[in-house]
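Quick one: this structure, given as structure tokens, is what I'll be asking you about.
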2 protein chains.
Amino acid sequence: MKTKNKNLSSGLEDYLEVIYLAHLNNKQLKGAELARQMNISRASVSEALSKLVSKKLINYNSYEAISITKEGIKQASEIYNKHHTLENFFETVLGIEKNEASENACKIEHIISKNVLEKIHEFTDFWINNKNKL
Amino acid sequence: MKTKNKNLSSGLEDYLEVIYLAHLNNKQLKGAELARQMNISRASVSEALSKLVSKKLINYNSYEAISITKEGIKQASEIYNKHHTLENFFETVLGIEKNEASENACKIEHIISKNVLEKIHEFTDFWINNKNKL
DNA sequence: TATTATTGTAAGGTAAACCTAACACTTTGT
DNA sequence: ACAAAGTGTTAGGTTTACCTTACAATAATA
């Protein structure tokens with residue numbers, strides 16, 4: 001007796017994030033291209049896409065470009081914001097180099113709580129405005 | 001042609017961490033107790049313990065207390081330090097409540113890079129010494 | 001348009017972590 | 001010392017997320 005689980009797995013979040021990015025950049029994105037970008041087999045992408053379709057986060061028909069739904073955008077942008085907040089904190093406050101900042105953000109974005117994220121965001125803003133006083 | 005993988009999975013790191021804690025507190029720890037603490041079946045713990053034994057991170061014989069090896073201590077203490085550094089940062093710098101700080105640390109400790117961790121540590125120290133100036 | 005390239009999917013497989021049920025072994029308490 | 005309680009392992013399942021191989025469908029191009 002399994003019911004729909006509201007929360008996406010890290011994996012599905014990753015797919016959705018790439019799709020969202022393509023959407024932001026007005027890039028057509030097909031399954032094969034997604035597979036290339038994520039370094040994952042076309043077969044696995046195919047499976048993942050049907051999950052995202054059944055969760056109504058994307059629309060997709062074979063051989064057409066993937067499109068993201070309103071709800072998909074909502075969820076993806078949350079993840080994407082987390083990514084940015086983390087990356088920004090790592091770079092601006094901790095002085096981590098962009099690449100490493102991004103890699104760490106990519107992993108942490110899926111598991112950090114909303115509240116901690118907010119605090120990190122606030123702190124980064126605060127830091128930018130006040131670090132000169134130290 | 002599979003060779004030994006140097007890195008532990010998150011899961012095995014969790015087991016090792018609990019074993020390490022018992023070691024620090026001079027507590028005898030048997031598989032069944034470990035299962036209880038981690039809310040996992042005895043069967044799963046049994047499997048996990050044989051993996052840790054084969055990686056020479058613990059010593060273990062049925063019905064005896066689990067003991068951790070030198071290498072096990074080395075690896076566990078690294079994870080444990082990460083946990084502490086993160087928890088401390090969340091509490092001290094971000095003002096997160098202990099429980100949430102710990103929960104987030106538990107997840108992030110397995111995936112954050114060593115370098116970022118060090119920077120967080122340094123920053124926390126710096127913050128403690130200088131926040132009064134703001 | 002015929003051929004080649006690209007794209008998508010189905011089938012079947014692997015590996016990791018978990019589970020329950022059943023059974024065997026060990027320890028404890030009376 | 002023996003029954004009850006506790007502990008450990010095995011066998012067999014599930015789920016998730018990958019994979020390869022093989023084939024089918026579509027698109028691009030000579």
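The structure displayed is predicted, hence computed values, not measured ones. In what follows, every heavy atom counts, from backbone to side chain, and hydrogens, waters and symmetry copies are set aside. Here is how names work: the chains are called A, B, and so on, in the same order as the sequence lines, proteins then strands, and each is numbered from 1.
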**Message:** Could you tell me if the side chain of B:I96 sits less than 4.5 Å from the side chain of B:F89, heavy atoms only?
**Reply:** no
**Asked** Closer than 4.0 Å, any side-chain N/O of B:S9 to the OP1 or OP2 of C:dA17?
**Response** yes
**Request:** Look at the side-chain N and O atoms of A:S62 and state whether any lies under 4.0 Å from the OP1 or OP2 oxygen of C:dG8.
**Result:** no
**Request:** Round to a whole Å and report the spacing from CG of A:L16 to P of D:dA17.
**Result:** 14 Å
**Request:** Look at the aromatic rings of B:F123 and B:F126 and report parallel, tilted or perpendicular, splitting at 30° and 60°.
**Result:** tilted
Between protein and nucleic acid, restricted to nucleotides 18-21 of chain D and to nitrogen or oxygen atoms under 3.5 Å apart, what atom pairs and distances do you find?
from, atom 1, to, atom 2, distance (Å)
D:dC18, OP2, A:Y15, OH, 3.2
D:dC19, OP1, A:S41, N, 3.4
D:dC19, OP2, A:S41, N, 2.9
D:dC19, OP2, A:S41, OG, 2.8
D:dC19, OP2, A:S44, OG, 2.7
D:dC19, N4, A:E47, OE2, 3.4

**Prompt:** Does a donor on one side chain and an acceptor on the other come within less than 3.5 Å for B:D14 and B:H110?
**Reply:** yes
**Asked** Atom CG of A:L12 and atom C1' of D:dT15: how far apart are they, to the nearest Å?
**Response** 13 Å
**Request:** May I ask you to decide if A:A35's main-chain N or O and A:N39's side chain share a donor-acceptor pair within less than 3.5 Å?
**Result:** no
**Message:** Before you tell me yes or no, could you show the steps for A:K30 and A:E33 under salt bridge (Lys or Arg N to Asp or Glu O under 4.0 Å), namely the whole-Å CA-CA distance, both residues' side-chain angles and the distance that decides it to 0.1 Å?
**Reply:** CA-CA 5 Å; A:K30 292 184 176 183; A:E33 176 56 24; over 6 Å; no
**Asked** Start at the 5' end of DNA chain D and walk down; is the nucleotide closest to A:Y63 or to A:K51 reached first?
**Response** A:K51
**Prompt:** Expressed in angstrom and rounded to an integer, what is the separation of B:E64 atom CD from C:dT27 atom C1'?
**Reply:** 13 Å
**Asked** Quick one, which residues of residues 20-33 of chain B touch DNA chain D with a heavy atom under 4.0 Å?
**Response** B:K30, B:G31, B:A32
**Request:** Round to the nearest Å and state the distance from A:R36 atom CZ to C:dA5 atom C1'.
**Result:** 11 Å
**Message:** Please report the distance, rounded to the nearest Å, between OH in A:Y60 and P in C:dG8.
**Reply:** 4 Å
**Asked** Is A:E71 salt-bridged to A:K55, cutoff N-O under 4.0 Å?
**Response** no
**Asked** Among B:L12, B:L8, B:I19, B:I68, which one satisfies side-chain contact (heavy atoms from CB on, under 4.5 Å) with B:L57?
**Response** B:L8
**Message:** Rounded to whole Å, please give me the gap between CD1 in B:I58 and P in D:dG8.
**Reply:** 11 Å
**Request:** Would you kindly give the CG-to-P distance between B:N61 and D:dG8, to the nearest whole Å?
**Result:** 11 Å
**Message:** Ignoring hydrogens and geometry beyond distance, is a side-chain donor-acceptor pair present between A:T124 and A:N88 at under 3.5 Å?
**Reply:** no
**N/O donor-acceptor pair under 3.5 Å between A:S44 side chain and A:I40 backbone** = no
